[in-house]
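Structure record follows, encoded as structure tokens.
What you see below is based on every heavy atom in this structure, not just the backbone, and it leaves out hydrogens, waters and symmetry mates. Throughout, a chain's letter reflects where its sequence line sits, starting with A, and its residues are numbered from 1.
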Protein chains: 2
Amino acid sequence: MPQPSAPRKTPGRPPRISREEVIATARRIVDAEGVDRLTMRRLATEIGSTPMALYHHVRNKEELLVLLLDDYAARALHRPELPAQPRERIVAAAAAIHEALAACPWIAEVLTADDLMSTSALWFVEQILDGLVESGLTPERAVHGYRTIWYYTAGEIVVRTTAARRRADDDGPTYRERVFADLDPNELPRLAQVADRWAPLTAENTYLDGLRALIDGLLAAH
Amino acid sequence: MPQPSAPRKTPGRPPRISREEVIATARRIVDAEGVDRLTMRRLATEIGSTPMALYHHVRNKEELLVLLLDDYAARALHRPELPAQPRERIVAAAAAIHEALAACPWIAEVLTADDLMSTSALWFVEQILDGLVESGLTPERAVHGYRTIWYYTAGEIVVRTTAARRRADDDGPTYRERVFADLDPNELPRLAQVADRWAPLTAENTYLDGLRALIDGLLAAH
DNA sequence: ACCTGAACACCGTTCAAGT
DNA sequence: ACCTGAACACCGTTCAAGT
């Protein structure tokens, strides 16, 4: 990370914009209008510069999005008091990550990779690992357990926000509705049985229930 | 769904291309060069037509991708013999869906919504629901259980394929590597302990272990 | 060292017209 | 009914030049 406020020996033209300003402006656009509207050109005009000037402060758009996510995590994830009991600490840490991500729908499209967790998020990862190890798992199995929780958490966010976006986009009957309308109750009886309740049932927020089930399963026999 | 092979009364110009041809050509492009290279213009030239002709057969690019996924599911998901024992049937059905999706990395970017499961995939959903109900869950809880499994499965695919793509893209040190390089062992001891093994550990395919833990948790006390 | 202008090589989609 | 040409309103990124 560069030191933007460090005294410069000015061996060249003084900078007009900073990496911080680029990120802050990008955040404003994303918060106000969504991640789709964040383009390098738009960002440049917003900042009162040209698209090319941006490339002097971030490598490309991908890096900009990573920096943006980091910036978001740093301000959204404040460290709460976590329960002392390991299982409950895991639940609370995972739920905190989930809550922060869920409050920020654009994040789902950006960050599904495993190597973009910001430094501020790592403290939560640490708590989860610690809870798993304290519950009797080896460090290796604890990493696998954490990953399982992360897959579940990321999947929940991505699936739910994509579904919500799609619902908002077209107001006609969804693809699912058309498929569910002509289900054969003989061939798929269980689905037919719940077909008309599918939308409300799947819209329910059952993240915590699923998380507890998952953690119960991970800790079973330990 | 239209009947493309039905006899026509030809009250107009005869079609030169069909929806099936559009989808088949799109599939060829995606299989050969990845989903990023599938553009309406590219597809039009490949098919020997113009971009606008495509819009007569699919509503827009989004619908094309949905149709493409459906087409893929229809040919990738053949129904295997599933175990009679409910828990093992759930595992096998979820694993079959996971295997089909994992073999098709482009799918992750396209299909993370909940209402795009094709008709052919529904049979697997049915098996999971049935296994959960047979294990003692109410139909409502079975739907929630299925969703939890789907979140986990979709998350695993999305996270792993995005990570793989990112690894392939830039050959420099990843963001995670830079962050992990200067972890404070006093503040984040568990992470520091596994920091150098993180990459291989998280690269391991532990989908089935996680799935079994999740299902154990869902079925606990039933 | 930092910024600019102009260009490259594209996108998805709409509109009005043709056959 | 189906297809075409031309256009609209954009993209991310590179290159060579300016200060």
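- For Ser49(A), a side-chain nitrogen or oxygen approaches OP1 or OP2 of dT4(C) to under 4.0 Å.
- Here Thr39(A) reaches the OP1 or OP2 of dC11(D): one of its side-chain N or O atoms lies under 4.0 Å away.
- One finds no salt bridge joining Arg147(B) and Glu140(B) here, because no Lys/Arg side-chain nitrogen approaches an Asp/Glu carboxylate oxygen to under 4.0 Å.
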Audit row: Leu64(B), Met40(B), side chain to side chain contact (heavy atoms under 4.5 Å, CB included) steps and yes/no: CA-CA 9 Å; Leu64(B) 174 65; Met40(B) 300 301 268; 4.1 Å; yes

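- Closest non-hydrogen pair, Tyr152(B) versus Thr206(B), comes out as OH-O, 3.7 Å.
- Taking both residues in full, the closest heavy atoms of Ala93(B) and Ile128(B) are given as CB-CG1, 3.7 Å, listed atom of the first, atom of the second, then distance.
- If you check dG5(D), dG12(D), dC11(C) against the side chain of Met40(A), the one that comes closest is dG12(D).
- The distance from atom CG of Leu38(A) to atom C1' of dC10(D) is 15 Å, rounded to the nearest whole Å.
- A salt bridge links Arg42(A) with Glu33(A): at least one charged nitrogen is closer than 4.0 Å to a carboxylate oxygen.
- The separation between Glu33(B) atom CD and dC10(C) atom P is 12 Å, rounded to whole Å.
- Pairs of Watson-Crick or G-U wobble type, with distances under 3.5 Å, assemble into runs of 3 or more in DNA chain D at these ranges: C:4-8 with D:12-16, C:12-16 with D:4-8.
- Across the interface with DNA chain C, nearest-nucleotide mapping of Ala53(A) and Arg41(A) shows Ala53(A) to be the residue nearer the 5′ end.
- Distance noted for atom P between dC10(C) and dA9(D): 23 Å (whole Å).
- Closest contact between the side chain of Pro15(B) and the listed nucleotides dG12(D), dC3(D), dT4(C) involves dC3(D).
- For Glu63(A) and dT13(D), the CD to C1' distance is 15 Å, given to the nearest whole Å.
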Trace of the side chain to side chain contact (heavy atoms under 4.5 Å, CB included) decision for His144(A) with Asp209(B): CA-CA 9 Å; His144(A) 289 149; Asp209(B) 292 336; 5.9 Å; no

Contact pattern, 5' to 3', of nucleotides 14-19 of chain D - B, S or - by protein heavy atom under 4.0 Å: BB--BB

Leu122(B) and Leu183(A): CA distance, side-chain angles, deciding distance, side chain to side chain contact (heavy atoms under 4.5 Å, CB included) verdict: CA-CA 10 Å; Leu122(B) 288 182; Leu183(A) 275 185; 3.9 Å; yes

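- Side-chain nitrogen and oxygen atoms of Thr50(B) include none within less than 4.0 Å of the OP1 or OP2 phosphate oxygen of dG5(D).
- For the pair Lys61(B) NZ and dC10(C) P, the computed distance is 14 Å after rounding to whole Å.
- Regarding contacts with the backbone of dC3(D), a side-chain N or O of His57(B) is found under 4.0 angstrom from either OP1 or OP2.
- Taking atom CG of residue Leu54(A) and atom C1' of nucleotide dC11(D), one finds them 14 Å apart after rounding to whole Å.
- Counting to the nearest Å, the P atom of dC2(D) and the CD1 atom of Ile17(B) are 11 Å from each other.
- Summarising the geometry, the separation between CD1 on Ile47(A) and P on dC2(C) is reported as 15 Å, rounded to the nearest angstrom.
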Residues Tyr207(A), Tyr151(B); criterion ring pair (Phe, Tyr, Trp, His ring centres under 6.0 Å); working and verdict: CA-CA 9 Å; Tyr207(A) 172 77; Tyr151(B) 293 150; 8.4 Å; no

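- In this structure, Asp36(A) atom CG and dG12(D) atom C1' are separated by 15 Å, rounded to whole Å.
- With respect to the salt-bridge test (charged N to carboxylate O, under 4.0 angstrom), the residues Glu187(B) and Arg79(A) qualify.
- For Arg16(A), counting side-chain heavy atoms from C-beta on, the closest listed nucleotide (dG12(D), dT4(C), dC2(D)) is dT4(C).
- Asn186(B) contributes no side-chain N or O that, together with a main-chain N or O of Pro189(B), makes up a donor-acceptor pair within less than 3.5 Å.
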